[in-house]
Amino acid sequence: MKKYLHLTLVLFVIAFLSGFILGVVNELTKGPIARATAQKLADGIEKIFPNMNKDALENEENTIELNDKVLKKYYIIYDKDNADEVIGYIFYVDAPKPYKKIEFIVGIDINGKVKGISYLKNEETPGLGTRVTNSDFINRFLNLNDVSEVDTISGATKSSQAVKNGIEQALNYYKQNLGTQGGSH
């Protein structure tokens, strides 16, 4: 009986210390991870809209949270030289139903056309699902306002379909809520 009590106590101490150490490491890495994620987002937005007003992007009023499973939020992008001129929108997309997590941003210009795509997270299988990040796949969507005819990637069908669906949802949101037919922000 004494032996079991001793083993139980040793296991409790090990579990407690492990949990404590994990908690400390989590707290220490939370800030740097958040900063790295924010920088990746900012770099992606700047890649899509190089002539954007960075100061306007930092204004919280220009970030609209969406209560949606796929479209998490969108950002209003203003022109660098004319701070009152909207040049487009960036949608933060959590791709619907890939094998693993794919998060990206899609830029839509004021004419309702896809201006660019930048990946924030892609946990898909290397060599297959990660093919959605290749420029030849991304270029299939550029300058389109309807992506229904864009072909998926053979061998990475589920991943590429998830990206296509996310872009379609962003375009539909734009058309219904932000475009000239749906009003403007």
> Checking side chain to side chain contact (heavy atoms under 4.5 Å, CB included) for the pair Asp81/Asn51: CA distance, chi angles, key distance, verdict?
Replying inline: CA-CA 8 Å; Asp81 298 324; Asn51 58 331; over 6 Å; no
> Going through the distances and angles, do Glu103 and Tyr92 end up as a side-chain hydrogen bond (donor to acceptor under 3.5 Å, both in side chains)?
Replying inline: CA-CA 7 Å; Glu103 293 179 7; Tyr92 191 112; 2.6 Å; yes
>> Evaluate Gln39 against Asp43 for side-chain hydrogen bond (donor to acceptor under 3.5 Å, both in side chains), listing each step before the verdict.
In response: CA-CA 6 Å; Gln39 186 61 50; Asp43 291 346; 2.7 Å; yes
> Can you list the steps and then say if Gln161 with Asn165 is a side-chain hydrogen bond (donor to acceptor under 3.5 Å, both in side chains)?
Replying inline: CA-CA 6 Å; Gln161 187 64 50; Asn165 290 345; 2.9 Å; yes
>> With side chain to side chain contact (heavy atoms under 4.5 Å, CB included) as the criterion, how do Arg140 and Val147 come out once you've worked through the C-alpha distance, each side chain's angles and the decisive distance to 0.1 Å?
In response: CA-CA 9 Å; Arg140 295 177 188 185; Val147 296; over 6 Å; no
>> As a quick check of understanding, evaluate side chain to side chain contact (heavy atoms under 4.5 Å, CB included) for Leu120 and Ile105, giving each step before the final call.
In response: CA-CA 7 Å; Leu120 305 173; Ile105 55 174; 3.8 Å; yes
> For Ile48 and Ile45, what are the C-alpha separation, side-chain angles and deciding distance, and is it a side chain to side chain contact (heavy atoms under 4.5 Å, CB included)?
Replying inline: CA-CA 5 Å; Ile48 295 169; Ile45 293 172; 6.0 Å; no
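Using a distance-only test at 3.5 Å, with no hydrogens or angles considered, a donor-acceptor pair links the side chain of Lys175 to the main chain of Asn145. A side-chain donor-acceptor contact under 3.5 Å links Asn62 to the backbone of Ala56.
When all heavy atoms of Ile87 and Met52 are compared, the closest pair comes out as CD1-CA, 4.2 Å. Across all non-hydrogen atoms, the minimal contact from Thr63 to Tyr75 is OG1-CD2, 3.3 Å. When all heavy atoms of Val163 and Ile102 are compared, the pair lying nearest together is CG2-CG2, 4.2 Å. Of all heavy-atom pairs spanning Phe104 and Ile117, the tightest one is CD1-CG2, 3.8 Å. Scanning all heavy atoms of the two residues, the minimum distance from Lys113 to Asn143 falls at CD-O, 3.4 Å. A pairwise comparison of heavy atoms in Ile108 and Phe49 identifies O-CZ, 3.8 Å as the closest pair.
The distance from the CD atom of Glu27 to the CG atom of Leu22 is 12.0 Å, given to the nearest 0.5 Å. Taking NZ of Lys115 as the reference point, atom CD1 of Ile90 lies at 9.5 Å (rounded to 0.5 Å). Going from atom CG of Leu144 over to atom CD of Glu168 covers 11.0 Å, rounded to the nearest 0.5 Å. Taking CD1 from Ile167 and OG from Ser148, the interatomic distance works out to 12.5 Å, rounded to the nearest 0.5 Å. Atom CG of Asp68 and atom NZ of Lys73 lie 13.5 Å apart (nearest 0.5 Å).
Contact annotation: the side chain of Ile21 never approaches that of Val24 to less than 4.5 Å [non-hydrogen atoms, C-beta and beyond]. Proximity of Ile76 to Tyr74: side-chain heavy atoms (C-beta onward) are separated by under 4.5 Å at one or more points. Val93 has its side chain within reach of Val70: a pair of non-hydrogen atoms, C-beta onward, lies under 4.5 Å apart. Looking at Leu171 and Asp146, their side chains never come closer than 4.5 Å, going by heavy atoms from C-beta outward. In this structure, Val10 and Ile14 have side chains that are in contact, with non-hydrogen atoms separated by less than 4.5 Å.
Contacts of Lys80 classified as salt bridge (charged side-chain N to carboxylate O under 4.0 Å, His left out), with partners at least two apart in sequence or in another chain: none. Under the salt bridge (charged side-chain N to carboxylate O under 4.0 Å, His left out) criterion, Lys54 pairs with Glu46, not counting sequence neighbours. When the salt bridge (charged side-chain N to carboxylate O under 4.0 Å, His left out) test is applied to Glu149, no partner is found at least two apart in sequence or on another chain.
Below 30°, between 30° and 60°, or above 60°: for Tyr173 and Phe91 the angle between ring planes is above 60°, a perpendicular geometry.
Applying the 6.0 Å contact sphere to CG of Asn82 captures more than 12 heavy atoms from other residues, nucleotides or ligands.
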